[in-house]
Amino acid sequence: MRLGVDVGGSKIAVAVLESGGGERLRRRVSYKSREYGAALAVLAGEILAAEEDAGERCSIGIGMPGLIDPDSGLVENAYNTPYNKRPLKHDLEEKLDKEVRFANDANCFALSEAVDGAARGARVVFGAILGTGVGGGIVVDARMLAGRHGIAGEWGHTPLPWMTEEEHPGPRCNCGRRGCIEQFLSGPAKNRERDALGEEAAMARYEDRLARAFSMIINVLDPDVIVVGGGVSKHERLYANVPPLLRKYVYCENPRTPIVRAKHGDASGVRGAAMLWPVSVPL
Ligand SMILES: [Zn+2]
């Protein structure tokens with residue numbers, strides 16, 4: 001069976017998928033300590049415990065923020081986890097005595113939705129996460145596209161397109177740059193605007209900014225569908241209000257990219273991580 005792990009800033013979620021895609025079991029644990037060695041032990045312990053619960057050895061896939069640098073082998077851009085700048089893949093494989101596959105959590109989200117979620121059957125899928133941060137992933141023909149540096153789909157850290165004078169240059173971002181999409185479209189950014197402008201005006205402004213950010217994706221990738229997850233994706237009005245706004249920005253007469261809400265919600269992370277392996281592999 002396939003075991004998927006979603007590594008977050010404060011907790012680890014584990015699920016074991018049956019060959020048909022159903023969940024055999026699920027576990028969740030918080031870090032007792034954020035010291036690397038202790039957090040590594042918790043992660044390995046959860047995986048072994050889940051395998052024991054499942055009653056068999058599993059293939060292991062892990063989704064987490066950031067990436068594993070293909071050259072150094074170190075975790076990068078996973079600032080809020082205990083594993084940043086550490087050789088997590090090497091150390092975990094040593095503890096478990098087998099290969100572990102890693103991918104960015106937004107890529108796992110996109111994969112899960114493309115395989116059997118809201119984007120099932122679409123060839124080119126862009127998965128957008130609008131949550132505490134803004135992430136994204138690209139899946140083509142049900143295969144994740146990681147990219148040369150492992151950052152494909154990271155639209156959150158490019159500037160908001162078609163910035164107005166009022167928006168320019170934008171707030172300082174955690175990445176050190178200014179005006180990143182994440183600073184306009186994350187959940188916390190949306191809530192700041194709501195407190196300043198009220199719900200209706202804040203949402204209207206949010207929708208126009210989201211249309212601009214999606215239009216950039218459509219101009220570059222032209223996906224068959226955009227799937228939206230994360231806390232902000234729960235606002236149903238987005239799916240009615242954003243598509244008509246694309247016309248203002250996309251470089252074609254009649255853009256008709258469907259924008260849909262994720263099917264699996266918070267479970268997409270563990271599901272996509274498990275799907276980093278094919279259904280049956282010799283273990
Ligand atoms: Zn940034």
Side-chain angles (χ1 to χ4, degrees), residues 6-10 63-72 74-86 88 102-110 126-138 144-196 202-203 205-221 223 226-233 235 238 242 249 259 262 268-269:
D6 186 4
V7 168
S10 58
M64 65 182 296
L67 59 120
I68 309 269
D69 185 301
D71 297 324
S72 70
L74 301 181
V75 174
E76 300 288 350
N77 295 354
Y79 308 108
N80 65 349
T81 76
Y83 310 112
N84 203 35
K85 301 275 181 197
R86 300 287 191 158
L88 178 62
F102 280 78
N104 175 268
D105 50 5
N107 291 20
C108 291
F109 162 77
F126 185 74
I129 296 193
L130 306 171
T132 314
V134 172
I138 299 167
M144 189 180 285
L145 196 149
R148 170 65 181 85
H149 309 93
I151 59 165
E154 288 287 11
W155 67 317
H157 296 281
T158 46
L160 181 71
W162 296 278
M163 257 190 214
T164 64
E165 259 176 59
E166 185 186 32
E167 289 165 340
H168 191 269
R172 178 79 60 190
C173 185
N174 303 327
C175 73
R177 299 171 186 88
R178 294 192 79 109
C180 289
I181 283 173
E182 179 167 288
Q183 294 304 313
F184 292 97
L185 294 182
S186 69
K190 186 191 75 67
N191 293 342
R192 277 196 301 274
E193 292 268 293
R194 183 198 56 205
D195 295 344
M203 280 307 290
R205 187 179 282 193
Y206 186 94
E207 285 157 1
D208 189 74
R209 288 169 174 169
L210 185 59
R212 282 184 259 161
F214 280 163
S215 294
M216 173 188 67
I217 297 294
I218 295 168
N219 281 351
V220 175
L221 182 68
I226 295 175
V227 193
V228 190
V232 185
S233 72
H235 290 271
L238 295 179
V242 174
Y249 305 109
I259 298 171
S268 279

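First listed ligand is number 1; within each ligand, the first listed atom is number 1. FYI, side chains are in, hydrogens and waters are out, and symmetry mates aren't considered; it's all heavy atoms of this structure.
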Handout entry: Exceeds 12 heavy-atom contacts within 6.0 angstrom, atom CZ of Arg177
Key = no
Practice task
With sequence neighbours excluded, tell me which residues meet salt bridge (charged side-chain N to carboxylate O under 4.0 Å, His left out) with Glu167.
Solution key: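 Testing Glu167 for salt bridge (charged side-chain N to carboxylate O under 4.0 Å, His left out), a comparison that skips the adjacent residues, returns Arg209, Arg212.
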Handout entry: Contact summary for Gly269 and Asp6, nearest pair of heavy atoms
Key = CA-OD2, 4.0 Å
Exercise for the section: Could you grab the protein N, O or S atoms closer than 2.8 Å to the Zn ion (ligand 1) for me? Expected result: His157 ND1, Cys173 SG, Cys175 SG, Cys180 SG
Exercise for the section: Go through the side-chain N and O atoms of Tyr206 and Asp208 and say whether any donor and acceptor fall under 3.5 Å apart. Expected result: no
Exercise for the section: Answer yes or no: is there a donor N or O on one side and an acceptor on the other, between the side chain of Glu182 and the main chain of Gly156, under 3.5 Å? Expected result: no
Exercise for the section: Keeping the roles fixed (side chain from Asn104, backbone from Gly66), state whether a donor-acceptor pair exists under 3.5 Å. Expected result: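 Yes, because the side chain of Asn104 sits within donor-acceptor range (under 3.5 Å) of the backbone of Gly66.
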